[in-house]
Amino acid sequence: MFSALVTSVEASEDDPIAGAAELQSICEGFDQVLYIGITCGLSAPYVGGQLEYCLDNLQKFTPVLIGFNSISMARKIQVPKWSNNRTFYDVATRMNATQQAIVLNPIVGPEPISGSSRMKSGTATKIMLDTAFYLAFSHSTKKASEIIDEFRASIDRMEIIGQDLAAVVEQAGER
């Protein structure tokens with residue numbers, strides 16, 4: 001997969017077995033690993049394979065899924081290389097039901113210009129990662145669940161503000 005740094009590797013995100021194998025090899029020698037899988041549309045089998053590997057090895061991994069759809073909208077298409085006809089939806093549902101796993105999936109709306117699912121929510125992803133790493137390095141005494149609740153409340157406030165801004169823009173267009 002490292003060849004993708006210099007040349008296109010089409011459909012590499014569609015191989016859950018390769019994703020799990022690569023994660024396993026990278027994490028050899030580490031006792032505790034925080035894995036953050038990012039798939040904006042909750043659809044990339046490569047990330048799904050890595051998340052599933054983490055879920056199967058919770059003594060070593062703390063899996064985090066970042067995406068921008070509700071779990072119910074995760075891709076339900078069977079992936080040929082995955083055994084038992086699994087889908088990304090199956091992994092996302094398992095993540096959501098696992099206490100040691102974290103799912104962060106604020107709904108930030110559609111991509112405003114192109115609608116591309118591959119470009120969706122890049123800024124939101126960066127904000128989430130910056131916030132998480134800031135809190136990790138700030139030695140906060142808060143529990144992770146408190147921080148996640150605060151994050152969710154912030155997202156809810158942002159959604160309300162977005163609706164208010166949309167109403168103002170609509171009213172401006174009427175004048």
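Only this structure's heavy atoms are used, side chains among them; waters, hydrogens and symmetry mates stay out. The first residue in the sequence is number 1, and the count goes up from there. Note that the structure is a prediction, hence the values are computed from the model and not measured.
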Item to check | All pairs passing side chain to side chain donor-acceptor pair (under 3.5 Å) where residues 98-108 contributes a residue, at least two apart | outcome: none

Next on the checklist: Between Asp56 and Arg94, does the side chain to side chain contact (heavy atoms under 4.5 Å, CB included) criterion hold? Intermediate values first, please.
Outcome noted: CA-CA 11 Å; Asp56 291 342; Arg94 184 176 169 199; 2.8 Å; yes

Checklist entry - Which value, rounded to the nearest 0.5 Å, describes the distance between Lys81 atom NZ and Tyr46 atom OH? => result 11.5 Å

Checklist entry - Centres of the Phe61 and Tyr53 rings: under 6.0 Å? => result yes

Item to check | Least distance between heavy atoms, Leu42 atom then Gly67 atom | outcome: CD2-CA, 3.7 Å

Checklist entry - Counting only N and O atoms by type, is there a donor-acceptor contact under 3.5 Å from the side chain of Asn84 to the main-chain atoms of Arg86? => result no

Item to check | Partner set under side chain to side chain donor-acceptor pair (under 3.5 Å) for Asp90, not counting sequence neighbours | outcome: Thr87

Next on the checklist: Tell me if a side-chain donor or acceptor on Gln32 pairs with a main-chain N or O of Gln59 at a distance below 3.5 Å.
Outcome noted: yes

Checklist entry - Hey, what do you get for OH (Tyr35) to CD1 (Ile102), rounding to the nearest 0.5 Å? => result 14.0 Å

Next on the checklist: Run Leu129 and Ile66 through side chain to side chain contact (heavy atoms under 4.5 Å, CB included) and show every step you take.
Outcome noted: CA-CA 9 Å; Leu129 291 173; Ile66 295 179; 4.0 Å; yes

Next on the checklist: If you compare all heavy atoms of Gly48 against all heavy atoms of Val91, which two are closest, and at what distance to 0.1 Å?
Outcome noted: O-CG1, 3.8 Å

Item to check | Validation row: Glu52, Pro16 side chains within 4.5 angstrom (heavy atoms) | outcome: no

Checklist outcome for this item: Heavy atoms of Asn69 and Gly41 approach each other most closely as ND2-O, 3.2 Å

Checklist entry - Between atom SG of Cys54 and atom CG of Leu23, what is the distance when rounded to the nearest 0.5 Å? => result 5.0 Å

Item to check | Stepwise side chain to side chain contact (heavy atoms under 4.5 Å, CB included) check, Thr93 with Ile71 | outcome: CA-CA 7 Å; Thr93 301; Ile71 298 293; 3.9 Å; yes

Checklist entry - Rounded to the nearest 0.5 Å, how far apart are CD of Glu22 and CG of Asp15? => result 10.5 Å

Item to check | Evaluation steps, side chain to side chain contact (heavy atoms under 4.5 Å, CB included), between Tyr89 and Met73 | outcome: CA-CA 8 Å; Tyr89 174 81; Met73 293 179 65; over 6 Å; no

Checklist entry - Under 3.5 Å, side chain of Gln50 to main-chain N/O of Gly19, donor-acceptor pair present? => result yes

Next on the checklist: Can you give me the closest heavy-atom contact between Thr39 and Ala44, atom names plus distance?
Outcome noted: OG1-N, 3.1 Å

Next on the checklist: Run the side chain to side chain donor-acceptor pair (under 3.5 Å) test against Lys60 and tell me which residues pass, sequence neighbours left out.
Outcome noted: none

Checklist entry - Are Leu51 and Phe30 co-members of a hydrophobic cluster defined by side-chain heavy atoms under 4.5 Å apart? => result yes

Checklist entry - Between CZ of Arg75 and CZ of Phe88, what distance do you get to the nearest 0.5 Å? => result 9.5 Å

Checklist entry - In Å, rounded to the nearest 0.5 Å, how long is the span from CG of Leu34 to OG1 of Thr62? => result 6.0 Å

Checklist entry - Of all heavy-atom pairs between Gly49 and Ala20, which one has the smallest distance, and what is that distance? => result O-CB, 3.6 Å

